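Below: one structure, written as structure tokens.
Note that the structure is predicted; figures quoted are calculated from it, not measured. We count ligands from 1, going down the list as the structure has it; atoms in each ligand are counted the same way. Throughout, numbering of the chain's residues begins at 1 and tracks the sequence.
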Amino acid sequence: MTRQAVDEIKIGGIGASRKRVEDDRFIRGKGNYTDDIVLPGMLHMEILRSPLAHARIRSIDTSKAWDIPGVHLVLTGEMMASRNLAWMPTLSYDTQAVLATDKVRFQGQEVACVIADDPYIAKDACEAIDVDYEPLPVIVSPAQALAEGAPLIRDDKENQPDNVIYHWAVGDKDGTDRAFEQADLISKLELHYPRSHPSPIECCGSIADFNRATSKLTVYMTTQAPHIIRAAVAMVAELPEHMIRIVSPDIGGGFGNKVPVYPGYVCSILASILLERPVKWIEDKSGNLISTGFARDVYLQGEMALRKDGKILAVRMHTDADHGAFFSDAQPSKFKIGLMHSAFAAYDIPVAHLTARGAYTNKAPGGVAYRCSFRVTEAMFFQERMIQAAASDLGMDQAEFRRMNFVSDDDFPHRTPFGFLTDSGQYAKCLDVGLKAIGYENFRTQQAEARANGRLLGLGISTMTEPLGAGNSREFDILGIKMFDSAELKVHMTGKAILRTGAKSQGQGHETTWAQIVAHELGIPAQDVVVEEGDTDTAPFGMGTYASRSTPVAGAAVAMVSRKIKAKARKLAAHLLEVSEEDIDWELGRFYVRSAPDRGVTIQECAMAAYSNMPDGMEPGLENTAYYDPPNLTWPFAVYIVTVEVDPVTGVWDVLNMVAVDDCGVRINPMIVEGQIMGGLTEAYAMANMQFITFDADGNCVGANYMDYLLPSAWETPGFELHSEVVTPCPHHPLGAKGIGECAAVGGPAAFVNAVMDAISGTGVRNIDMPLLPDRVWDAITSRRDVSGAPPVRTDE
Ligand code: CDP
């Protein structure tokens, strides 16, 4: 046999734009989603939700529902309470009502459940339940919640005298105060990042199947984090983990919406235990929009201390976050407002201070990390809106102001003003690539000419650096469980393999890319590696997929477990080649004798030997597990630049061009990375332009349907020009990769808003809150005043 190195791209290794293997079943309609699962004897559950946002429950009469043929069980809060299940712990150390007992605290809250032969009977029976409500005053914003004398929402909690969930502060207050005293100019900005909803195509759902004979509970469900759910079920139901199996089959999008524990899961589990039959609950679209984890809803007061030459001396930020009636989003315990303090990580700012307050309101629980690493979307939006305002206040060029304040390439690792340590980056280079691609100078000339003719053109820049890969376990835990991840690799005797991880893909393509990492490390063709995730009985323990943590953490674990396998394969190779380990070298897919390179054995031959011809004393088999606790977060960087034209008569704005320059280190699968960026930019455009979901003064959710909360289609989404020429490997990730899944959704919105603000510059308007609906833009142009998106508050009381 002549020596021939394996071509990594041909075997689908790192850098190959391998087609997604999971798409084979998805595009044929052969995916296996929770609602596709039908179990023998399965019953169906529907939830009765509160029509009111805040009301005392005087009584619940379920007698008519029980009388409907086909109804097996009607659950109320009282019945849950008798089993100590009326309340459950949340992932943020709060409690949440499973079914309301005393009061309802938001519109859409779960009040009762019916389990019946089919979902239609269950729905009819829900409507037959008679609930007598006594309406209470409603709170729809933190300002209202925190005002003196505000009605108390969480009167169920001891030691909860007001509606404050937390006060949190980070940074150097005194140093920041001193820096502000030295400032030539202080730039201020107030704005609201509105509520938005991840709105995955597939709603939440679960099928609980309790087997009395074995005492084992199996739950098929749409969760992004199966092991966290198993831990939560173990705590709530007081069942040991080995008696609980959580299976997350194919998921039709998660985006953070499928991390929290929802009451529907708990009710379906209890119903299955009581009835000893499988119970399926599949949420409908409006149920998903009005009751499950919302994102954002944060108010900012930001200030920047500036020197007149453009140097940023300090930043001061205060945020008020609206968490709704329960603090139930998954949050790393140490960071009450998520990673909001990752703001300004890309800028060389000596000192900063952030204060944050969380408030209860009469709204569905919110604050989930919708396609972002725990509030980073808000952080980057505030950062880039403040940067734009500051550059305008200084009369400086937007691009130049950013460039002069960027952290320079030779200043890594860099300590951010809030204390993070960033890993690597080439920020100015990314900006240059973006400016060139958009034709910056040329556009500014066109813009001036258009202005002279009454046309409003604008250019918006946004940069983002996102801390991806929670943990490390030193700083990150949820409910005390440290954040790390895992991979288990079993190589069969034929050299084919099965890989399992603690992550859980919801469309990101893990089945494709994890196999590519194995191919890169071991030379086993990617098509010979099958990837499984989402079953707690088989997958190693991991914290799941959200916050773009999979590649930085589970992906690293895949590399590390492959290296353990390779170390054992090397011993097998030495045995087969009858030389010592020190005398052999590796080329992709093959060990060979250093002094006689034509004498070698392939990884497949080593695998066969692990089962048929291992050296004396060696444990048979070729399998291993790796738990990876990252030393730090990975910090990808991006520049997004948008040009728009605003119609001054109608306020309608159109995107002329958009350029995205993403540096996520080494790209495992460049095609999948581009898909992630395209998807993120589409969501960013939707948030900035069209997605409207808010509340009226009575707490009614406005926009809880897809006529108002618009999902962008290919028709209205503009084209995006993607650039991949800047690659700064992550110095501590075993493959040099950084996360990418969320970056464009995180950094994109500010680019669109900044572009519209640039187009209407000269009107004196400092801010229009998203979504930039035509009426809001028109209002700003004609009134020459800022336009707020905060929900209206009742003033007649
Ligand atoms: O955690 P999540 O999977 O949502 O995000 P991610 O780790 O950023 O990965 C999203 C997808 O992009 C996965 O299939 C990754 O393997 C892929 N990816 C890549 O090919 N190269 C990177 N540097 C980062 C992600």
Is any side-chain heavy atom of [Y] closer than 4.5 Å to one of [X]?
X	Y	result
Q383	Y347	yes
V529	I524	yes
H227	I246	no
R371	Q676	yes

| task | Please check if the side chain of T513 supplies one atom and the backbone of N669 the other of a donor-acceptor pair under 3.5 Å. | result | no
Answer with yes or no whether the side chains of [Y] and [X] bring together a donor and an acceptor at under 3.5 Å.
X	Y	value
S92	Q331	no
S196	Q691	no
D409	Q426	no

If you measure every N or O of [X] against every N or O of ligand 1, does any of those distances drop under 3.5 Å?
X	value
H510	yes
I740	yes
Q508	yes
T545	no
V666	yes
G741	yes

Just which atoms of ligand 1 are under 4.0 Å from any heavy atom in [X]?
X	value
A737	23 (N)
C664	23 (N)
S550	1 (O), 2 (P), 3 (O), 7 (O)

| remark: Heavy atoms of F484 and D629 approach each other most closely as CB-CA, 4.1 Å
| What is the nearest protein non-hydrogen atom to atom 12 (O) of ligand 1, stated with its residue, atom name and distance? | I672 CG2, 3.6 Å
| query | Would G555 count as a contact of ligand 1 if the rule is a heavy atom under 4.0 Å away? | reply | no
Under 4.0 Å from ligand 1, counting heavy atoms only, is it the side chain of [X], its backbone, both or neither?
X	result
T512	neither
R549	backbone
I668	both
K738	backbone
T513	side chain

| field | Shortest reach to atom 10 (C) of ligand 1 by a heavy atom, considering only Q676, E466, Q516 | value | Q676
| said: Within 45 degrees of the ring normal and closer than 6.0 Å to the centroid, is that where the cationic atom of R195 sits relative to F294? | reply: yes
| task | Give the C-alpha distance, both sets of side-chain angles, the deciding distance and a yes or no for side chain to side chain contact (heavy atoms under 4.5 Å, CB included) between Y627 and T625. | result | CA-CA 7 Å; Y627 285 87; T625 305; 3.7 Å; yes
